[in-house]
Amino acid sequence: MSSLYVVPSLQIEGRHNLQSSSKPISTLRTEFNSPIELQQLHSLFVKTATPLSILPLSRVASVCALTPFFTYAQQIFQQLDRSEIFMWNCCLRDFAESDSPFDAILLFYQLRSHNICPDSFTCSFVLKACVQLLDLSHGRIIHGFIEKLGLQLNLVLQNVIVHLYASCGEISDAILLFDKMPQRDVVTWNTMITQLLKRGDTDSAYNFFVQMPERNVRSWTAMVSGFAQCGKPKEAIDLFTKMEEVGLKPNEVTVVAVLAACADLGALDLGSRIHEYSKKTGFYKNIQICNTLIDMYIKCGCLQAAHDVFESMKERTIVSWSTMIQGLAIYGKAEEALELFSKMIQTGMKPNGVTFISLLNACTHMGLVNEGHAFFTSMTKDYGVIPSIEHYGCMVDLLSRGGLLQEAHEFIKCMPIKPNAAIWGALLGGCKLHKNVEMAEIAMRQLQDLNILNDGYYVVLANIYSEAKQWENAAKLRKLMRNKGLKKTLGWSSVTVKGVVHEFVAGDDSHPQSEDIFKMWDKLLVHMKLRGYVPNTSVILLDMEEEEKEKFLFRHSEKLALVFGLMNTPPGETIRIFKNLRVCEDCHASLKVISEIVNREIIVRDRNRFHCFKDGSCSCRDYW
DNA sequence: ATAGGGTTAG
């Protein structure tokens, strides 16, 4: 329940001693925070013959709603000969948009109990409150009232009702209502599309999008952002391109949505073009756009460009800072991430939970165990941020990768939240790095108890067994995987050449230039070996002859993508590679050597972080 | 003087 006498979100600081006020009427203050203060003000108005009309009436409604002074407010409205329902509607709108939208529902019932007849505006605000609360049980009651009041043909109300049912999970009801509507406008269609996309149903959403009689910028934007959020950045970008082709101008929201898709896909070309467009249109002043640009550049492997955008911003939000800190973290620039955090604190910006995840990530990626511990303590003590399961996950990751597997296990046992798969997965990952079969089995048992069907965990344990030459255990595990219907996620790597993305999978010989790629690899291999490269076949899961292992090893997708990139770009140009899984140790070692041989910078984004290979070493300093 | 649809960081 809400506060009864003080209106939230509209509070005015300080109390006014109205009794001793001797100011002239024209400067009379009309602020009040409670019905009592309103009454005092009211009597002062009567004494000084001040017209009641200068009272802020929606404030009267807010202060008196949901209190025994309801009828008192009613009397004021009636004296003023204004539409009473209008005043209550303003109040309902404020309640629906406040932190406690349920107040709007309560006020609606209060209006009913005083026999005040709601109009369509009243209903729209109460429905909005229901949408905010995802409260379909009250929503159905309001829906019933709307029919009783004869307002069911109002298109705006119909649209909100469809929105309400869909957002409360009753999508089939929403579709039924949609089908029965005698008329629909673009908002109706956009609502359906957005709600379908929220549920991840891109196919149905796209069907609606294609069928709708006319599409505006918001229709296109909804579809672009929906594709991006459903993990279909390619589709998002294709649609964005089509939108431009039909001559519609992307607005700020479209730009944010498509930049998110560029970030996901690593589409640097389009991302930079949008950057230029944002400068031209003045969108560049928009903080959210800059925040998304920073994220896009980071995820496309352009830390410097991200930093330039960050520096150019006149105003920043916590998102700007956290994004930049996270960016430095995944590039392995822990010191700079920590420095940026100090700078942020100096400007008076308050860190939130995400900021600390970024900081803990920074520590993890560089093995700063003590610093990470200190931040974990400080976040609650100094900044009042309560750790969530993600923060515990970061800590387990930090300790495990730091080789403190026992400590990590103790930490998990002591944490006040039930550990989830990410927590045990982090421990398992540490066991792989530090070759600890026993602890890995402990973690795996927990993952199995949680009934997590994720092939990644099984593959990691199988790798741990293989590296320890426990071939039988590795085989058993693969059998277990098959029984559970799990398949190893196929690894792929991509590289962009002249704006075209080329994808490779391990062992790939389907590419038209395959022959040349293999030939060039063999040539490189000679130079690599001269510089001390020794193939690390321990990363091969299966037990087979060394020579055979090497064949597999040399056809890893990141190697193919790299060689293709080297063949098709001018000397000296930076190569950017994306990989859906983590880079294997042998590829990591190879890329280091190759960066020196060909004298190029090679930037690899794997599922965890960035590796920037240059002059024979990697930015991760082999800690990952 | 009051209504409905699209957006960023882990």
Side-chain angles (χ1 to χ4, degrees), chain A residues 56-58 61 82-83 85-94 96-97 119-128 131 151 154-164 166-167 184-195 197-198 205 209 212 215-229 243 250-261 263 283 286-296 298-299 306 310 316-327 329-330 351-362 388-391 393-394 397 422 608:
Chain A
L57 292 177
S58 45
R82 297 263 187 139
S83 147
I85 194 64
F86 171 78
M87 298 321 311
W88 294 119
N89 285 347
C90 292
C91 177
L92 278 168
R93 181 196 53 197
D94 292 341
E97 287 166 2
D119 62 12
S120 63
F121 291 91
T122 319
C123 298
S124 78
F125 296 131
V126 190
L127 282 174
K128 182 174 187 166
V131 171
L151 296 170
N154 181 309
L155 185 53
V156 173
L157 289 180
Q158 286 184 345
N159 287 341
V160 188
I161 290 167
V162 166
H163 185 172
L164 175 71
S167 61
R184 306 172 191 100
D185 64 4
V186 66
V187 177
T188 324
W189 288 91
N190 288 355
T191 303
M192 282 309 298
I193 289 171
T194 307
Q195 292 303 319
L197 288 166
K198 281 245 162 75
F209 179 78
M212 64 192 291
R215 287 161 284 272
N216 60 16
V217 176
R218 284 166 87 124
S219 323
W220 288 88
T221 304
M223 208 60 228
V224 169
S225 115
F227 272 137
Q229 274 162 9
M243 172 182 173
N251 63 19
E252 276 109 320
V253 182
T254 324
V255 164
V256 169
V258 76
L259 280 174
F283 293 175
N286 180 321
I287 300 183
Q288 284 186 17
I289 294 210
C290 289
N291 290 348
T292 321
L293 277 170
I294 294 172
D295 190 50
M296 183 275 295
I298 285 170
K299 294 194 175 138
F310 180 81
R316 303 184 184 104
T317 63
I318 188 62
V319 176
S320 331
W321 290 95
S322 301
T323 308
M324 201 60 228
I325 292 172
Q326 170 67 10
I330 59 174
N352 66 14
V354 180
T355 321
F356 283 102
I357 289 174
S358 306
L359 274 176
L360 291 173
N361 278 336
S388 67
I389 188 90
E390 285 83 5
H391 296 98
C394 289
D397 205 18
N608 269 337

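First the proteins, then the strands, lettered A, B, ... as listed; each starts at 1. Remember, predicted model here, so these are calculated numbers, not experimental data.
If you check B/dG10, B/dA9, B/dG6 against the side chain of A/Lys198, the one that comes closest is B/dG6. The side chain of A/Val253 lies closest to B/dG6 when the candidates are B/dT2, B/dG6, B/dA3. Of all nucleotides listed (B/dG6, B/dT8, B/dA9), B/dA9 comes nearest to the side chain of A/Asn352. Residue A/Phe121 has its side chain nearest to B/dT2 when only B/dG5, B/dT2, B/dG6 are considered. For A/Val256, taking side-chain heavy atoms from C-beta onward, the closest of the listed nucleotides B/dA3, B/dG10, B/dT7 is B/dT7. Taking only side-chain atoms of A/Asn291, from C-beta outward, the nucleotide of B/dT8, B/dG10, B/dA9 with the closest atom is B/dT8. Picking from B/dA9, B/dT2, B/dG5 the nucleotide with the shortest atom distance to the side chain of A/Phe86 gives B/dT2.
At a threshold of 4.0 angstrom between heavy atoms, the contacts of A/Thr323 are confined to the sugar-phosphate backbone, with no base atom among them. Nucleic acid contact for A/Val186: base, since at least one base atom lies under 4.0 Å from a heavy atom of the residue. Using a 4.0 Å heavy-atom criterion, one finds that A/Val354 contacts the bases of the nucleic acid, with or without backbone contacts as well. Residue A/Asn154 is in base contact, counting any heavy-atom pair closer than 4.0 Å across all strands shown. Across all strands shown, A/Gln326 has heavy atoms under 4.0 Å from sugar-phosphate atoms exclusively, and none from any base. Across all strands shown, A/Thr221 has heavy atoms under 4.0 Å from base atoms, whether or not it also approaches the sugar-phosphate. When heavy atoms are screened at a 4.0 angstrom cut-off, A/Thr122 is found touching no nucleic acid atom at all.
Contact detail for A/Leu151 and A/Asp119: the closest heavy-atom pair is CD1-C, 3.9 Å.
Counting atom types as modelled, A/Asn89 pairs no side-chain N or O with a base atom of B/dA3 as donor and acceptor under 3.5 Å. Evaluation of atom-type donor-acceptor distances gives no pair under 3.5 Å for the side chain of A/Glu252 against the base of B/dT7. For B/dG5, its base never sits under 3.5 Å from the side chain of A/Asp185 at any donor and acceptor pair. For A/Asn251 and B/dG6, a side-chain-to-base donor-acceptor distance below 3.5 Å is present, hydrogens and geometry of angles not being considered.
As a whole-Å value, the separation of A/Leu157 CG from B/dA3 C1' is 8 Å. At whole-Å resolution of the value, CD1 in A/Ile289 and P in B/dA9 are 14 Å apart. Look at CH2 on A/Trp321: it is 22 Å from P on B/dT8, rounded to the nearest Å. What separates CD of A/Gln158 from P of B/dG5 is a distance of 15 Å, to the nearest Å. In this structure, A/Asn286 atom CG and B/dG6 atom P are separated by 17 Å, rounded to whole Å. Remark: P of B/dG10 and CG of A/Asn608 are 13 Å apart, rounded to the nearest angstrom. Rounding to whole angstrom units, CD1 of residue A/Ile287 and C1' of B/dT8 are separated by 11 Å. Put simply, CG on A/Leu57 is 15 Å from P on B/dT2, counting in whole angstrom units.
A close approach under 4.0 Å does not occur between any side-chain nitrogen or oxygen of A/Gln229 and OP1 or OP2 of B/dG6. Distances shorter than 4.0 Å separate some side-chain N or O of A/Ser225 from OP1 or OP2 on B/dT7. Taking side-chain N and O atoms only, A/Lys128 has no distance below 4.0 Å to OP1 or OP2 of B/dT2.
Side chain of A/Arg215 to main chain of A/Trp220: no donor-acceptor pair is present (N/O by atom type, distance under 3.5 Å, no hydrogens or angles).
Side-chain rings of A/Phe209 and A/Trp189 stay apart, their centers remaining 6.0 Å or farther from each other.
Inter-residue side-chain proximity for A/Leu92 and A/Asn89 is flagged as met; some heavy-atom pair is nearer than 4.5 Å.
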Inset, instruction - Would you please test A/Asn291 and A/Thr317 for side chain to side chain donor-acceptor pair (under 3.5 Å) and show each step? - result: CA-CA 9 Å; A/Asn291 290 348; A/Thr317 63; 3.3 Å; yes
Inset, instruction - With side chain to side chain donor-acceptor pair (under 3.5 Å) as the test, would you mind laying out the steps for A/Asn352 and A/Thr355 before giving the verdict? - result: CA-CA 5 Å; A/Asn352 66 14; A/Thr355 321; 3.0 Å; yes
Inset, instruction - Determine, step by step, whether A/Asp295 and A/Thr292 satisfy the side chain to side chain donor-acceptor pair (under 3.5 Å) criterion, reporting the C-alpha distance in whole Å, the side-chain angles of both residues, the deciding distance to 0.1 Å, and the verdict. - result: CA-CA 5 Å; A/Asp295 190 50; A/Thr292 321; over 6 Å; no
